[in-house]
Amino acid sequence: MNARKTITIAFFLVVLGVGYYSMNAAPVVRDDAHTYQGGLEWETDPGTALDAAQSQDKPVLVYYWATWCTYCERYDKNHYRNETIRAAMDDYVLLAINIDDPGNGTALVRQHQATYPPQHRIMTPNGDTVESVEGYIGRDELLATLEKRSEEAT
Amino acid sequence: MTTVVFGLAVGTWLLAIGLFGSVLATALLGYEYVTGDESFLRVSKAAAGVATGSFVIALLYLTSQFLSGDYTNAYVWDNTANYLPTLYKVTGVYASNAGSILLWAMLTAVVVTTTLLLGRYSTRGARLSQSLGMGVVTVFAWMLVNDSPFTPLSAEYPSVAANGIPQDGSGLNPLLVDPFMAIHPPITFSAYALMVVPFTVGVTHFVAKLRGTESMFDDWLGSMTRWLRGSWLLLTAAITLGGIWAYRVLGWGGFWSWDPVETSVLIPWLGLTAVLHTLNQYRRSGRYAVLAPAATAALLPLVIYATTVVRSGVFRSVHSFAGGGIGSGVLFLLGTTSTLAVGPAFIHWFRTEQSDAEEASLLDRATIYHAAVLGFILLAFVSLWGLTFPVVRSLASGVEVSVDARYYNLWSFPVVVGMLLAGGMYAQQERFSTRATVVTAATVLIAALAVGFVLARPEWQLASTEPFDPVYYRAIGSLSVVTVLPPAVYFAGAWVVRYAGRLRRLTGRQAKLNETGIALIHVGAALLIVSVSFVYVFSTTASVGIVGATELDDTGERIVRDVEGSPYTVEVTNYSPENTPTMTEAAMTPAEVGSVDPSSSVILVKGEVTAVQRFEDTTIAQLNGSRVWVGADSGTVQFEEGSVIVARGTLSDPRSENIDALVYTNGENVGPASAPPTDVYSPRVVDHRFDVQLYRGDTLVADGTVAEQSYRGRDMQTNDPLIERGITGDTYVVGTRTAGGLSIEISRYPLANQIWFGVAVMLVGMGLVFLFDPASGAAGGRRSGNRD
């Protein structure tokens with residue numbers, strides 16, 4: 001067998017290897033009940049989130065995102081993986097809704113008129129919306145909003 | 001005005017004629033291939049000509065409807081508006097599915113018909129090729145007739161049409177309002193259209209092989225290479241223009257974000273680059289007798305795959321401007337072209353005993369060249385697989401997985417480094433011994449790995465990694481980006497040395513220019529790879545919130561803030577919201593009112609009061625001496641002759657032969673043009689502008705305007721960033737309005753302009769090769785010999 005054939009066979013093995021490995025290494029962003037934006041576990045059903053909010057007496061942070069949204073990647077990388085922001089988010093029940101496939105969140109998307117990602121809303125445990133953050137904002141601004149509203153919304 | 005004849009709009013009839021012509025041409029050309037009987041040749045040429053002519057006229061007609069604002073056409077109403085400048089009215093033609101397919105169909109029909117009408121392509125095999133080409137046009141035509149861009153508004157949007165002919169369109173996607181977007185789609189579709197004939201020739205080649213007849217692949221090789229080079233030039237330009245557009249239109253996060261559409265269009269580009277390399281070898285040595293024509297045929301399915309990503313709705317992307325309708329046609333085309341491209345080639349390969357006479361060692365130039373070709377295919381696979389497997393996995397298990405930039409960057413990076421080494425070795429071996437080449441390449445590899453590990457400081461790493469990341473991502477991600485530099489320098493250097501050596505031996509001017517082109521393509525590629533890699537890793541971002549910025553007026557009031565985590569200070573002045581169009585611009589003149597459908601309910605008019613009359617408790621005012629009058633209850637409005645007014649009102653029955661239109665208003669809906677009643681009108685676009693000065697220490701590094709546009713009815717914003725360009729990189733400032741004022745984000749993109757420079761060098765290089773390669777039929781060309 002000549003060298004060209006050898007490297008062609010090696011090439012196909014590499015292709016198979018890359019295909020198999022990369023598919024299994026890809027991080028899960030969503031399963032049946034949760035989405036894993038920013039490495040956090042977010043509820044995807046508004047009903048479940050509000051039940052949890054009432055039982056824990058916490059406000060709900062709603063995050064409207066999409067798989068193709070580049071600013072969502074920035075939120076993911078710069079904000080949700082930041083320790084200070086994560087600490088502030090502990091005061092909330094987290095609810096993430098993929099606007100392309102909102103499932104049970106369809107009514108909430110309509111109520112909040114969240115037609116493009118990324119957007120955030122803060123709701124009281126009773127479901128009243130007290131804050132809207134449309135588009136991308138800096139880390140400090142998000143932190144200030146989260147801290148201010150967690151006091152007011154509960 | 002959309003004219004309907006026998007239930008179909010005139011434009012749709014044009015498409016139907018195009019469909020009829022393309023079906024007839026496909027059938028007759030297929031018959032001519034099967035039987036060898038050319039007695040219907042004139043008819044088939046006429047049919048193809050009629051089809052092409054129909055599409056050209058249909059596209060011109062649609063464009064004229066956009067330019068004149070013919071809102072009786074649903075597609076026009078959906079994709080443009082009065083306030084848009086002429087350039088963006090034309091952009092609207094291909095802003096959505098049907099128009100872009102019409103553009104593609106027209107260009108494809110022109111290309112295929114050209115080969116039919118030129119006498120050069122008249123062998124029996126050429127008829128099959130032309131039949132297949134017209135077959136592709138037929139599918140497009142069928143899709144267009146089923147989802148016509150000429151559907152009347154009354155059929156598509158009955159509720160809108162019920163209020164009469166709309167005075168304004170619903171608008172164009174704001175992201176498309178950019179000069180780069182105006183030219184990006186036509187260039188892309190031109191590149192796509194040029195791939196049709198290579199596809200048909202590739203398929204015909206294998207059909208001929210299977211039937212034991214003579215292939216015309218070699219006869220067409222020269223012209224096909226030129227077509228593919230032309231396609232490469234256009235596609236490279238299109239991708240670059242798209243990148244510049246994404247850079248200018250914020251919300252897309254830089255010039256390349258591995259969005260599904262960006263990724264999908266890279267796949268045919270990589271495929272095309274690989275094909276050009278295989279054709280080059282085939283032409284010179286006869287190698288790749290199966291791969292070269294098979295890969296040539298596979299380009300069109302790759303292009304259609306890219307279109308599937310955009311249009312089918314399966315792949316979600318910021319490019320998914322419109323969904324549904326046309327997706328099934330594209331999927332059908334994907335299935336048939338893929339089968340035709342792969343099927344006959346595979347059967348031929350399977351049935352033919354491959355000669356293996358040419359023994360090549362691992363370090364032969366042919367082997368190294370082959371490795372580089374496989375590298376392109378591997379890169380294309382990484383992109384294709386990254387798009388595909390999340391969809392497959394989601395369909396199979398319901399679990400959604402993330403494929404982000406890291407997947408593409410980290411899988412592509414080692415392949416690119418390997419290809420740079422292989423390409424450098426290939427060029428170096430022309431003048432140096434195998435031993436010297438291996439020693440050089442090994443030294444470069446060691447240098448690359450050394451800087452990769454030694455300079456792997458966190459801020460220089462290819463990607464930030466976490467302990468729970470997969471091993472591969474941690475290993476490659478923790479390398480320094482500088483790893484790419486030694487192979488890139490080696491690659492560019494080897495091609496320059498090769499060029500210098502060849503230039504001395506060559507005597508003809510054209511051959512020298514051709515050789516210059518080849519060197520420029522490779523040096524440009526090295527420059528592009530290094531600058532793209534460095535921009536990714538070394539770009540920085542910081543942001544600051546500026547409360548109260550929307551309170552600023554134009555008296556020089558200013559707010560100064562330090563940007564935390566960066567060396568910048570930002571100063572904001574002169575906030576000025578502007579409405580587009582303004583109320584006065586949006587209001588109709590009396591002449592425009594004359595063309596309004598009487599059933600329109602509420603309209604906005606403007607004009608100078610030239611006469612006033614009173615009838616009992618009603619006052620009416622004539623505008624601009626025309627037959628259009630404004631009327632109101634005398635108790636609420638006093639009109640004054642000579643004043644210019646803007647009024648909103650309903651069109652009432654004039655009850656007079658001297659009045660064509662009476663706009664009935666009241667005190668709250670009328671006012672002088674200098675201070676119109678603003679609450680009667682909602683502007684389509686509000687443009688928020690801030691003057692910004694950015695300081696680094698005491699040095700002013702950027703000075704200009706950042707703007708954010710908000711769009712009524714579309715619930716979205718776009719931004720005009722302030723970009724301060726420099727040799728070392730760009731300073732990029734974006735302002736986003738927030739409830740509290742303004743959020744300013746400052747990014748630094750080092751080597752940003754070297755990316756565009758690298759592409760320009762490649763384009764100039766390919767331009768030279770396109771014009772001066774004698775072997776591809778260019779200046780002073782010769783035909784290539786027969787190959788098997």
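Proteins get letters first, then strands, A, B, ... in listed order; numbering begins at 1 in each. This is a predicted model, so every value here is computed, not measured.
The environment of CD in B/Glu564 is sparse: at most 12 heavy-atom neighbours from other residues, nucleotides or ligands sit within 6.0 Å.
Judged by distance alone, the side chain of A/Arg121 and the main-chain N or O of A/His112 form a donor-acceptor pair under 3.5 Å. The closest donor-acceptor contact from the side chain of A/Arg86 to the backbone of A/Tyr80 lies under 3.5 Å.
Residue with the most contacts toward chain B among A/Ala66, A/Ser22, A/Ala26: A/Ser22 (heavy-atom pairs, distance under 4.5 Å). Considering only heavy-atom pairs separated by less than 4.5 Å from chain B, the leading option among A/Ala144, A/Pro27, A/Ala25 is A/Pro27. Chosen from A/Lys77, A/Met23, A/Glu73, the residue pairing most often with chain B at heavy-atom distances under 4.5 Å is A/Met23. Looking only at heavy-atom pairs under 4.5 Å with chain A, the residue among B/Asp404, B/Val382, B/Ile377 that has the most is B/Ile377.
Both the backbone and the side chain of A/Thr8 come within contact range of chain B, with heavy atoms under 4.5 Å apart. Both the backbone and the side chain of B/Val471 come within contact range of chain A, each with at least one heavy atom under 4.5 Å from a heavy atom of that chain. Contacts of B/Thr738 with chain A are made by side-chain atoms alone, with heavy-atom separations under 4.5 Å and no backbone atom involved. At a 4.5 Å heavy-atom cutoff, B/Tyr369 makes no contact with chain A through either its backbone or its side chain.
A pairwise comparison of heavy atoms in A/Glu141 and A/Thr145 identifies O-OG1, 2.7 Å as the closest pair.
The CD1 atom of A/Ile7 sits 5.5 Å away from the CG atom of B/Leu374 when rounded to the nearest 0.5 Å.
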Next on the checklist: Run the salt bridge (Lys or Arg N to Asp or Glu O under 4.0 Å) test on A/Arg81 and A/Asp76 for me, step by step, so that the C-alpha distance in whole Å, both residues' side-chain angles and the decisive distance to 0.1 Å come before the verdict.
Outcome noted: CA-CA 7 Å; A/Arg81 292 184 190 274; A/Asp76 184 307; 3.1 Å; yes

